[in-house]
Amino acid sequence: MADDNQRPTTSGHSGGDRPSGGDRPSGPGGPRGAGRGPGGPGGPGGRKYFRRKKVCKFCVEKIDAVDYKDTRLLGQFVAESGKIVPRRLTTAIKQARNIALLPFSGRH
């Protein structure tokens, strides 16, 4: 007998290699579907996840004024499609675009 560690199949099992539902431990919520949905533990949708607090880059680096000549800094806030991501940088990015320091759109 080479397959000693194989379990015999039950009569209710239709065949295949999939284990029956009793092989898996039911998690902290109990059987499948219990404790999920609106009003369940963890809120709607199931698990809670860690959300990092958003931090302003200018506040962290203590930058008071944004200069339009600083293309490295401004280039980080322009999307590849050319969209200006934070709205408070619009004047500096528009000035840099008008004197050809930044491109108006992304690469083609």
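Positions are given from 1 along the sequence.
- The structure places CZ of F104 at 11.5 Å from CD1 of I93, a figure rounded to the nearest 0.5 Å.
- Listed by chain and number, the residues in a side chain to side chain contact (heavy atoms under 4.5 Å, CB included) with C56 are F58, C59, R88 (sequence neighbours excluded).
- By the side chain to side chain contact (heavy atoms under 4.5 Å, CB included) test, L101 is found to be paired with Y68, T71, A96, I99, residues two or more places apart in sequence or in another chain being considered.
- Residues meeting the side chain to side chain contact (heavy atoms under 4.5 Å, CB included) test with A79, sequence neighbours left out: S81, K83, V85.
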Report task. Start with the C-alpha distance between R97 and I84, add both sets of side-chain angles, then the distance that settles side-chain contact (heavy atoms from CB on, under 4.5 Å), and finish with yes or no. Result -> CA-CA 11 Å; R97 283 177 173 173; I84 301 171; 4.0 Å; yes

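- Scanning for side chain to side chain contact (heavy atoms under 4.5 Å, CB included) contacts around D70 gives R72, L73, with sequence neighbours left out.
- The side-chain hydrogen bond (donor to acceptor under 3.5 Å, both in side chains) check on R51 picks up Y49, with sequence neighbours excluded.
- Legend: residues meeting side-chain hydrogen bond (donor to acceptor under 3.5 Å, both in side chains) with Q76, ordered by chain and number and at least two apart, are K57.
- Summarising the geometry of L74 relative to D67, their closest heavy-atom pair is CD1-O, 3.8 Å, with the distance given to 0.1 Å.
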